[in-house]
> 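Take this structure, written in structure tokens, and hold onto it; I'll ask about it next.
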Amino acid sequence: MVARIGAVLVVTTEARSGEDDTFVALHAAGAIGWYGPVTAEIGRYVEAILAQPALGEPVDDPWRLHAALCRATRTDASVVASWAVGAVDCAAWDLRSRLAQVPVADLLAAAPQRQVPLYASWLSLDVAKGIPLAAVERVNREGWQFTKWGLRRNPATDDRRAEAGRLAAAVRGIAAALRREAAFDAVFTWDAEFAWLFLDELDSASVRWLEDPLPQCDLETYEALAINIPLALGERLPLHADSEAMLRLKLQAFTLDVVACGGLTRAVDLVGAAHMRGVPVYPHGRSFVPAVHLAAAYPDAIAAVEYRLQWEPVRQQVYAQPWLPIDGAITVPRSPGLGATPRNC
């Protein structure tokens with residue numbers, strides 16, 4: 001008998017103040033598939049828009065479920081809609097793997113990799129105010145593939161060229177302290193003019209990549225920037241967006257978010273498309289748990305998953321079985337499921 005989704009529930013859990021506390025739960029054949037935490041707004045969207053289309057869909061056909069979710073959101077280009085579809089999709093993969101009694105990675109590939117390399121990011125530190133030597137020493141001894149640092153522009157500074165020079169000096173300082181190149185994330189705080197000022201001040205050989213400098217996905221500007229500096233994009237690629245235009249750019253890294261792009265089902269297709277174009281994939285760390293399964297299944301396409309040093313250890317505490325990195329890598333558990341079951345549920 002084919003197991004079908006019998007209920008879609010949204011569950012609120014205990015979390016630290018300010019942390020996401022909402023989980024999506026799919027029920028079928030006496031099992032529950034989970035994904036979270038997500039924001040309460042995403043949970044409300046799941047209840048209002050996606051719960052009904054998911055009911056009755058077969059658990060062993062995630063592509064059919066994903067198509068139903070896409071139809072339900074086809075006119076909604078919002079970030080919340082993309083995250084909500086991704087959360088339901090990941091909960092469905094968790095449910096399918098529990099019924100099959102294998103990890104999600106084993107459903108994605110016949111012989112997945114068990115050790116997944118990680119790179120560490122520490123975006124909360126303002127490296128332009130001084131090199132955080134203690135943080136640099138810590139990441140240097142922890143075995144990460146490489147590190148990524150925040151490079152936010154100060155909008156209150158009137159002298160834009162001086163600000164560009166300050167950030168370029170911070171890049172050189174971090175590279176010297178690490179004794180290796182590093183990646184940097186502008187966190188959508190620049191504009192095109194400032195990006196070119198920054199490039200005037202920088203030897204790009206010290207940068208592994210520059211990620212998400214512009215607040216909007218201006219492909220024309222990004223195409224020009226990618227010729228002059230290693231560029232990383234993809235974190236904000238939504239469910240219904242055409243990925244081909246982005247992947248045609250000369251990217252150093254495609255940093256898709258596994259849940260925000262529409263879930264594991266779509267992420268599999270995106271990873272395949274990036275790999276065909278020779279674009280390395282480095283999944284965004286906010287969707288860390290499903291990203292690890294994806295990386296385990298496609299090690300030739302995914303070089304490493306982002307581990308957010310400030311936020312991920314806290315986020316892991318909401319799970320029944322927290323994942324802790326060792327020597328810059330995560331071992332994919334052999335137990336069934338995705339690994340996003342909340343504590344006390």
Side-chain angles (χ1 to χ4, degrees), residues 5-47 50-51 54 59 80 83-108 114-116 118 120-121 124 257-260 263-264 283-296 305-326 329-345:
I5 297 171
V8 179
L9 302 178
V10 173
V11 178
T12 301
T13 63
E14 293 184 5
R16 287 190 183 186
S17 177
E19 297 292 330
D20 295 341
D21 60 0
T22 301
F23 282 74
V24 175
L26 271 58
H27 293 241
I32 304 175
W34 294 94
Y35 185 72
V38 294
T39 65
E41 184 181 15
I42 292 169
R44 289 192 293 271
Y45 193 101
V46 169
E47 288 180 314
L50 300 181
V59 175
V80 171
W83 272 93
V85 170
V88 174
D89 180 79
C90 287
W93 278 96
D94 183 48
L95 178 58
R96 181 185 176 206
S97 70
R98 290 178 181 281
L99 292 175
Q101 286 295 291
V102 297
V104 167
D106 292 69
L107 295 177
L108 294 171
R114 291 299 165 189
Q115 286 282 322
V116 172
L118 307 176
S121 66
S124 58
D257 187 294
V258 174
V259 181
L264 269 167
H284 181 229
R286 184 170 180 186
S287 301
F288 180 72
V289 169
V292 167
H293 285 275
L294 188 68
V305 174
E306 180 184 17
Y307 187 85
R308 305 187 304 165
L309 286 166
Q310 180 186 10
W311 298 297
E312 192 57 34
V314 175
R315 192 179 183 86
Q316 286 294 321
Q317 294 309 307
V318 306
Y319 296 134
Q321 295 179 316
W323 289 6
L324 299 176
I326 298 175
I330 281 285
T331 300
V332 182
R334 294 186 180 275
S335 54
L338 187 67
T341 303
R343 289 188 297 117
N344 304 321
C345 285

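Being a predicted model, the structure only gives us computed values, none of them experimental.
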> Heavy atoms, side chains only, cut-off 4.5 Å: are Thr22 and Thr39 in contact?
no
> Counting distance only, does the side-chain N/O of Arg315 pair as donor-acceptor with the main-chain N or O of Pro37 below 3.5 Å?
yes
> Kindly indicate whether the side chain of His293, heavy atoms from C-beta on, has any atom under 4.5 Å from the side chain of Cys90.
no
> Test Phe23 against every option in Val318, Thr341, Leu9 by the side-chain contact (heavy atoms from CB on, under 4.5 Å) rule and name the one that passes.
Val318
> Mind running side chain to side chain contact (heavy atoms under 4.5 Å, CB included) on Asp20 and Val38 for me, showing each step along the way?
CA-CA 5 Å; Asp20 295 341; Val38 294; 5.5 Å; no
> Does Tyr307 use its side chain to pair, donor to acceptor, with the backbone of Ala329 at less than 3.5 Å?
no
> Grab the two heavy atoms, one from Val116 and one from Val292, that are nearest each other, plus how far apart they are.
CG2-O, 3.7 Å
> Less than 4.5 Å apart, any side-chain heavy atom of Thr331 and any of Ile326?
no
> Report yes if some heavy atom in the side chain of Leu118 is under 4.5 Å from a heavy atom in the side chain of Phe288; otherwise report no.
yes
> With rounding to the nearest 0.5 Å, note down the distance linking CZ in Arg96 to CG in Leu107.
4.5 Å
> Check for a donor-acceptor pair, side chain of Arg343 on one end and backbone N or O of Gln317 on the other, with a separation under 3.5 Å.
yes
> Above 12 or not: heavy atoms from other molecules or residues under 6.0 Å from CD of Gln115?
yes
> Determine whether more than 12 heavy atoms belonging to other residues, nucleotides or ligands lie under 6.0 Å from atom CD of Gln101.
yes
> Which atoms form the tightest heavy-atom contact between Ala87 and Val24, and what is the distance?
CB-CG2, 4.1 Å
> Over all heavy atoms of both residues, which pair between Ala25 and Val11 is shortest? Give the atoms and the distance, please.
CB-CG2, 4.5 Å
> Please report the interatomic distance CD(Glu41) to CH2(Trp83), rounded to the nearest 0.5 Å.
12.5 Å
> Sub-3.5 Å donor-acceptor pair from the side chain of Thr13 to the main-chain atoms of Asp21, do we have one?
yes
> Does the pair Leu50 and Val8 meet the rule for a side chain to side chain contact (heavy atoms under 4.5 Å, CB included), with working shown?
CA-CA 9 Å; Leu50 300 181; Val8 179; over 6 Å; no
> So which atom in Pro333 and which in Arg114 form the shortest heavy-atom distance, rounded to 0.1 Å?
O-NH1, 3.9 Å
> Let me confirm one number: the OH-CG distance from Tyr319 to Leu338, rounded to the nearest 0.5 Å.
8.0 Å
> Please evaluate residues Gln316 and Val289 with respect to the criterion side chain to side chain contact (heavy atoms under 4.5 Å, CB included), reporting the C-alpha separation (whole Å), side-chain torsions for both, the decisive distance (0.1 Å), and the verdict.
CA-CA 9 Å; Gln316 286 294 321; Val289 169; 3.9 Å; yes
> Quick check: closest heavy atoms across Ser124 and Gln310, and the distance to 0.1 Å?
CB-OE1, 2.7 Å
> Of Arg308, His284, Glu306, which is the lone residue that meets side chain to side chain donor-acceptor pair (under 3.5 Å) with Ser121?
Glu306
> Would a 4.5 Å heavy-atom cut-off, applied to side chains only, mark Pro290 and Val104 as touching?
no
> Considering all heavy atoms of both residues, which atom of Tyr45 and which atom of Ala84 are nearest to each other, and what is their separation?
CD2-CB, 3.5 Å
> Do Asp257 and Ser287 meet the criterion of a side-chain donor-acceptor pair at a distance under 3.5 Å?
yes
> Spell out, as yes or no, whether a donor-acceptor pair under 3.5 Å connects the side chain of Asp94 to the backbone of Trp34.
yes
> I want to check something: taking the side chain as every heavy atom from C-beta on, are Val314 and Glu19 in contact at a cut-off of under 4.5 Å?
yes
